[in-house]
Protein chains: 2
Amino acid sequence: MENTIQKIQAVYPLSQPSLGALTDVLTQITVPKGKLLFKAGRIEKDIYFIEQGIARAYSIQDDKEVTFWFGSEGDLLFAYNSYVANNPGYENIELLEDAVLYKFSVKDIQQLYTTNIEIANWGRKFAEQEMIKTEERLISRLFSSAGQRYHDLVDTAPHFIQRIQLSHIASYLGVTQVTLSRIRAGKQ
Amino acid sequence: MENTIQKIQAVYPLSQPSLGALTDVLTQITVPKGKLLFKAGRIEKDIYFIEQGIARAYSIQDDKEVTFWFGSEGDLLFAYNSYVANNPGYENIELLEDAVLYKFSVKDIQQLYTTNIEIANWGRKFAEQEMIKTEERLISRLFSSAGQRYHDLVDTAPHFIQRIQLSHIASYLGVTQVTLSRIRAGKQ
DNA sequence: TCCATCTTTTTACATATGTTAAATAATCTT
DNA sequence: AAGATTATTTAACATATGTAAAAAGATGGA
């Protein structure tokens with residue numbers, strides 16, 4: 001569980017006992033490529049660390065899939081509204097490769113939040129970092145053209161470009177695959 | 001400080017002693033319309049609750065202001081990167097009306113986070129709620145046209161439409177003011 | 001290795017949105 | 001109240017991106 005431990009300590013360093021309390025609630029599972037782990041409209045009870053593999057989150061809008069997130073090793077899979085407020089999620093999350101995950105329940109982590117101040121602060125830092133990342137994605141949409149954002153993605157997350165099919169990348173960038181082809185051909 | 005207290009308790013209910021510990025670090029200030037409270041590139045040491053007034057956050061991109069956030073009574077003014085990581089912010093925050101704010105320092109709140117588990121969980125819930133709100137803004141951009149988003153804003157936040165000039169609204173919606181005029185005229 | 005399927009690119013055309021500028025409307029100042 | 005300034009709408013034109021369909025390329029199974 002190397003990637004998972006590294007992610008946990010990168011969010012907010014925990015003492016050995018607190019780290020133990022957190023890892024005690026984790027269970028390893030393997031999931032095949034193509035598995036739809038989260039479905040929109042459900043209250044999701046579990047959260048997963050990605051130890052190995054790649055995933056995308058999408059929603060259906062006017063009969064079309066809109067991809068709005070990619071994750072890989074070290075990222076967490078969770079439904080925002082289920083995690084925060086025990087409400088139905090709007091995200092479908094699909095594994096794009098065979099994956100190894102560490103699973104735990106929202107209930108377990110919330111129990112730890114109210115009893116262990118280190119883990120409460122871990123949860124705070126985790127939410128703060130997700131908040132920053134989400135804000136960055138929003139800002140990048142507001143400030144940059146699809147072409148710029150494609151090149152940013154090539155520079156900062158080449159593994160996404162290499163491992164994910166272009167129809168999903170185009171959707172993520174907010175353009176059609178035709179436009180992404182034009183971008184890749186250097187026509188803008 | 002009615003709006004501020006109400007906001008604090010809405011994020012995560014605090015016991016009387018914890019609420020006292022938090023409000024003890026607040027100072028009331030008044031700020032005139034037009035004041036630029038946060039400037040991009042600075043490490044911002046303070047955070048503010050909006051007790052009364054309205055504000056916008058924007059950045060400069062290619063010589064143009066891009067507005068990406070509005071806030072009013074009960075919202076917090078803070079620079080994401082300064083609050084989370086003590087880094088320079090990318091946001092300019094301008095008061096659009098004469099305002100009453102409650103000010104406190106990032107340092108003070110972080111001190112409380114490490115010593116008071118209730119306030120640590122308050123900070124966690126606050127970040128989680130900001131994360132959800134930011135994700136919602138992103139999703140709304142991805143899924144809805146500017147026209148739909150304008151009508152959503154009219155329905156869910158009419159005070160923003162009434163109190164904020166249309167050039168800022170257009171920027172927030174990600175279109176030019178010409179397009180917003182066409183939307184308002186019902187031409188789409 | 002060949003065929004079927006899936007993915008990506010290219011083409012041709014339609015259209016929504018941007019740009020620039022002018023006209024109208026609203027607000028502020030003295 | 002008049003004039004000046006600022007905000008909003010309208011018009012005319014240019015262009016980037018979407019749509020639909022076909023072509024080209026890649027992948028996988030028998």
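Since this is a predicted model, take the numbers as computed values, not measurements. The sequence lines fix the lettering, A, B, ..., with proteins before strands; numbering per chain opens at 1.
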Would you check, one step at a time, whether the test side chain to side chain donor-acceptor pair (under 3.5 Å) holds for R184(A) with Y150(A)? CA-CA 9 Å; R184(A) 286 162 57 87; Y150(A) 172 74; 2.9 Å; yes
[N] [atom2] sits how many Å from [X] [atom1], rounded?
X       : N       : atom1 : atom2 : result
I183(A) : dA16(D) : CD1   : P     : 12 Å
L166(A) : dC6(C)  : CG    : P     : 17 Å
Q148(A) : dA16(D) : CD    : P     : 14 Å
H168(A) : dT8(C)  : NE2   : P     : 9 Å
E65(B)  : dA7(D)  : CD    : P     : 11 Å
Q165(A) : dG28(D) : CD    : P     : 12 Å
R184(A) : dG25(D) : CZ    : C1'   : 13 Å
I161(A) : dT7(C)  : CD1   : P     : 17 Å

Determine whether E73(B) and T4(B) satisfy the following criterion, side-chain contact (heavy atoms from CB on, under 4.5 Å), listing intermediate values before the conclusion. CA-CA 8 Å; E73(B) 291 76 15; T4(B) 298; over 6 Å; no
Candidate nucleotides [options], ranked by approach to the side chain of [X] - the nearest:
X       : options                  : result
S181(A) : dT9(C), dA12(D), dT19(D) : dT9(C)
Q177(A) : dT8(C), dT19(D), dT9(D)  : dT8(C)
A185(A) : dT8(C), dT10(D), dT10(C) : dT10(C)

Approximate separation, where rounding is to 0.5 Å, of R56(B) CZ and F68(B) CZ: 10.0 Å
Enter the distance from L22(B):CG to N116(B):CG here, rounded to the nearest 0.5 Å.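 Rounded to the nearest 0.5 Å, the CG-CG separation comes out at 9.0 Å.
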Of L180(B) and T176(A), whose nearest nucleotide on DNA chain D comes first from the 5' end?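 It is L180(B) whose nearest nucleotide is closer to the 5' end.
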Categorize K33(B) for me: base, sugar-phosphate, or nothing, with a 4.0 angstrom heavy-atom threshold over every strand shown.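 No contact.
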Answer with base, sugar-phosphate or nothing: what part of the nucleic acid does V178(B) contact at a heavy-atom distance below 4.0 Å?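 If one applies the 4.0 Å heavy-atom cut-off, V178(B) turns out to touch a base.
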Report yes if at least one side-chain N or O of K64(A) is closer than 4.0 Å to OP1 or OP2 of dT19(D); otherwise report no.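 Yes.
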With respect to the phosphate group of dG18(C), does any side-chain polar atom (N or O) of T179(B) fall under 4.0 Å of OP1 or OP2?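 Yes, T179(B) has a side-chain N/O under 4.0 Å of OP1/OP2 on dG18(C).
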Is there a side-chain contact between Y12(B) and F126(B) in this structure, where contact means two heavy atoms from C-beta onward sitting under 4.5 Å apart? no
